[in-house]
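Remarks on the structure that follows.
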Number of protein chains: 2
Amino acid sequence: MKIVRDATLHQRILGDIEARIVSGEWPPGHRIPFEVDLAADYNCSRMTANKVLTQLAKSGLIERRKKSGSFVAQPRAQSAVLAIAEIEAEVQSLRLSYSHIVHARSKRRANAADKQRLELSEAASVLDITCIHQAGAAPFCLEERLISLATVPEAEAETFDTVSPGTWLLKRVPWSAAENRISAVSAGASVAILLDIEKGTACLVIERRTWSPAGPVTSVRLTYPGDRHALVAKFAPGGEG
Amino acid sequence: MKIVRDATLHQRILGDIEARIVSGEWPPGHRIPFEVDLAADYNCSRMTANKVLTQLAKSGLIERRKKSGSFVAQPRAQSAVLAIAEIEAEVQSLRLSYSHIVHARSKRRANAADKQRLELSEAASVLDITCIHQAGAAPFCLEERLISLATVPEAEAETFDTVSPGTWLLKRVPWSAAENRISAVSAGASVAILLDIEKGTACLVIERRTWSPAGPVTSVRLTYPGDRHALVAKFAPGGEG
DNA sequence: CCGACCATTATGTATATACATTATCACCAA
DNA sequence: TTGGTGATAATGTATATACATAATGGTCGG
């Protein structure tokens with residue numbers, strides 16, 4: 001049994017409804033009491049009931065239809081929140097010391113492959129950086145990054161010796177949109193050497209592309225040896241978990 | 001330039017603030033106008049401004065402190081929404097015909113490994129199912145699943161020949177909490193045979209555990225040949241994307 | 001100089017009210 | 001039976017108001 005101390009009315013109503021949905025007492029398709037009825041049940045105003053139901057609808061737990069009422073939604077795709085931490089924080093949470101090594105860094109005019117990775121239309125300069133993130137003395141993750149100098153010209157002056165490109169960009173271009181693609185690949189010869197693993201080892205690969213309103217920012221490929229790392233994504237009907 | 005038709009006042013204020021945060025015009029730490037000022041700017045009531053800021057705070061874009069005001073938050077972990085579709089839908093979105101084959105199905109008293117996977121404390125019966133999801137004529141994904149019969153006794157009567165275990169459970173136990181663990185592994189000999197791939201091929205593995213209020217429901221391990229599949233997780237500052 | 005106290009200020013929650021929007025349903029006429 | 005038409009019922013959005021809560025900052029006394 002969950003104990004709620006000092007819950008506001010809003011939280012109490014929200015919790016009660018969530019509990020009934022999650023427990024199966026109100027299965028998908030079941031009609032939830034109308035706002036006016038809820039208001040009467042809890043002896044509150046309709047606005048309060050409305051805000052609760054609006055929030056439930058935003059979190060996807062219920063669907064609302066004018067004139068018909070509110071209904072428990074069909075759970076569709078299992079959608080979960082994936083927290084991708086900064087690599088430095090990740091390493092430190094393993095109680096290992098973090099460092100990074102810039103293995104290669106070059107500027108060039110974008111070739112066809114670069115344009116596709118960054119979704120660039122016109123010709124532009126890009127910065128190509130390869131760097132290795134270390135946990136203790138061992139390689140932890142390989143980072144292969146492309147930065148669009150049209151969007152982030154300040155990057156050209158940066159060596160990334162003291163700050164890793166990811167951290168630097170996060171400070172420079174906060175709150176941009178991103179798309180992550182997660183897959184598994186076998187380590188090729190060059191990757192195997194850089195990560196100090198055997199060729200063919202299964203690796204978890206995250207390819208992230210980031211945009212700001214000014215245009216494409218960066219495209220990064222993070223390669224983790226599969227036996228050393230896993231991503232965790234959680235889902236809780238209420239929202240946070 | 002984004003064109004907004006018929007936007008409500010709420011959406012307009014929200015969009016304006018988001019735009020200024022995302023563009024960097026208001027960097028992390030910057031103080032957002034007080035509710036009363038916002039209300040004056042947009043010629044609306046404080047309640048409307050309050051709802052907008054409350055929503056921005058819930059989505060993590062701003063932080064609110066009593067007496068001090070509201071501030072643009074520091075972007076911490078890149079958190080993204082991972083949409084894990086049902087396998088059938090996933091296959092069909094590739095324009096391939098879907099089918100599944102139940103390869104093994106057995107009931108037993110939970111052994112030590114089972115108890116750990118399901119986080120069971122007492123001894124209980126479990127159902128162990130291995131099934132292969134096919135896209136066209138080729139294996140697409142291997143599913144190794146454990147179902148707690150204490151929580152879902154109806155599963156014992158089900159053969160899962162016509163409905164896959166995942167789909168069946170989604171209908172039976174809606175809106176439960178889940179934790180997904182994503183990693184990369186090399187295919188072992190048995191997995192390689194079942195998926196018709198070479199031994200050692202890199203595979204993407206999703207291990208999902210699901211709970212209902214009544215207790216642990218199921219633990220499933222989905223193995224995808226790495227070159228045939230990827231997960232996509234998106235992040236947009238506003239919320240949906 | 002320093003700490004206790006208190007007024008101020010901004011957010012947090014809730015109410016009562018108003019009007020807009022939109023499916024649905026029932027009724028009525030062709 | 002069919003099709004339109006308008007009343008109705010539910011949600012959607014916004015306002016004005018009230019009081020609670022909590023942190024800040026200044027004042028005053030020791």
Side-chain angles (χ1 to χ4, degrees), chain A residues 2-21 26 28-74 238-240, chain B residues 3-18 20-21 26 28-74 238-240:
Chain A
K2 195 188 291 185
I3 292 169
V4 177
R5 255 189 317 177
D6 259 0
T8 64
L9 189 49
H10 183 94
Q11 294 171 311
R12 248 185 46 221
I13 304 176
L14 192 81
D16 287 359
I17 297 178
E18 270 176 17
R20 274 186 266 223
I21 293 177
W26 289 352
H30 181 271
R31 190 166 78 211
I32 282 169
F34 300 127
E35 292 185 351
V36 282
D37 297 339
L38 265 183
D41 289 353
Y42 285 92
N43 195 30
C44 68
S45 76
R46 181 171 81 91
M47 272 303 296
T48 304
N50 176 294
K51 282 208 265 185
V52 171
L53 295 188
T54 300
Q55 183 174 332
L56 282 168
K58 250 207 321 267
S59 74
L61 220 58
I62 69 172
E63 269 178 28
R64 312 200 72 189
R65 285 197 290 278
K66 291 191 178 184
K67 169 74 182 180
S68 307
S70 306
F71 302 84
V72 178
Q74 299 287 341
E240 99 275 32
Chain B
I3 292 170
V4 177
R5 259 189 314 178
D6 260 1
T8 63
L9 188 50
H10 182 94
Q11 293 171 310
R12 247 184 47 221
I13 304 175
L14 191 82
D16 287 0
I17 297 178
E18 270 176 16
R20 274 187 265 223
I21 295 177
W26 289 353
H30 181 272
R31 189 165 78 210
I32 281 170
F34 299 129
E35 292 184 352
V36 282
D37 297 340
L38 264 183
D41 289 353
Y42 285 91
N43 193 30
C44 68
S45 75
R46 182 170 79 91
M47 272 305 296
T48 303
N50 176 292
K51 281 207 266 184
V52 170
L53 295 187
T54 301
Q55 183 175 331
L56 281 168
K58 251 209 317 272
S59 74
L61 220 57
I62 69 171
E63 270 179 27
R64 313 199 70 190
R65 285 197 290 279
K66 291 189 180 186
K67 169 75 182 176
S68 306
S70 305
F71 302 84
V72 178
Q74 299 287 342
E240 99 273 31

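Proteins get letters first, then strands, A, B, ... in listed order; numbering begins at 1 in each. Fair warning: this is a prediction, and the values are worked out from it, not measured in the lab.
Minimum heavy-atom separation, Cys44(A) to Ala49(A): SG-N, 4.4 Å. Minimum heavy-atom separation, Gln74(A) to Gly29(A): NE2-N, 4.4 Å. Listed here is the closest heavy atom pair of Pro33(A) and Trp26(A): CD-CH2, 3.6 Å. Taking each heavy atom of Val36(B) and Arg46(B) in turn, the nearest pair found is CG1-CD, 4.1 Å. A pairwise comparison of heavy atoms in Gly60(B) and Ala73(B) identifies O-CB, 3.6 Å as the closest pair.
Distances from the side chain of Lys66(A) to the nucleotides dT24(C), dT21(C), dT11(C) place dT21(C) closest. Side chain of Ser45(B), nearest nucleotide from dT15(C), dA23(C), dA16(D): dA16(D). Closest to the side chain of Arg64(A), from the set dT15(C), dT21(D), dG12(D), is dG12(D). Nearest to the side chain of Cys44(B), among dA14(C), dT11(C), dT15(D), sits dT15(D). Here the nucleotide nearest the side chain of Ser70(B), chosen from dT15(D), dT24(D), dT11(C), is dT11(C). For Asn50(B), whose side chain is taken as the heavy atoms from C-beta onward, the closest listed nucleotide among dT24(C), dT13(C), dG12(D) is dT13(C).
Counting to the nearest Å, the P atom of dA16(D) and the CD atom of Glu35(B) are 15 Å from each other. Going from atom CD of Glu63(A) over to atom P of dT22(C) covers 18 Å, rounded to whole Å. When the P atom of dT15(D) is taken as reference, atom CG of Leu38(B) falls 13 Å away, rounded to whole Å. As rounded to whole Å, 21 Å separates atom P of dA18(D) from atom CG of Leu9(A). If you take NZ of Lys67(A) and P of dG12(D), they are 15 Å apart, rounded to a whole angstrom. Taking atom CG of Asn43(A) as the reference point, atom P of dT13(C) lies 19 Å away to the nearest angstrom. In this structure, Arg46(B) places its CZ atom 12 Å from C1' of dA14(C), rounding to the nearest Å. Rounded to an integer number of Å, the gap from Tyr42(A) OH to dA14(C) P is 13 Å.
Comparing Met47(B) and Arg65(B) by the nucleotide of DNA chain C that holds the closest heavy atom to each, the one mapping nearer the 5' end is Arg65(B).
Within the nucleic acid shown, Leu53(B) has no heavy atom closer than 4.0 Å to any nucleic acid atom.
The phosphate of dT15(D) has OP1 or OP2 within less than 4.0 Å of a side-chain N or O from Thr48(B).
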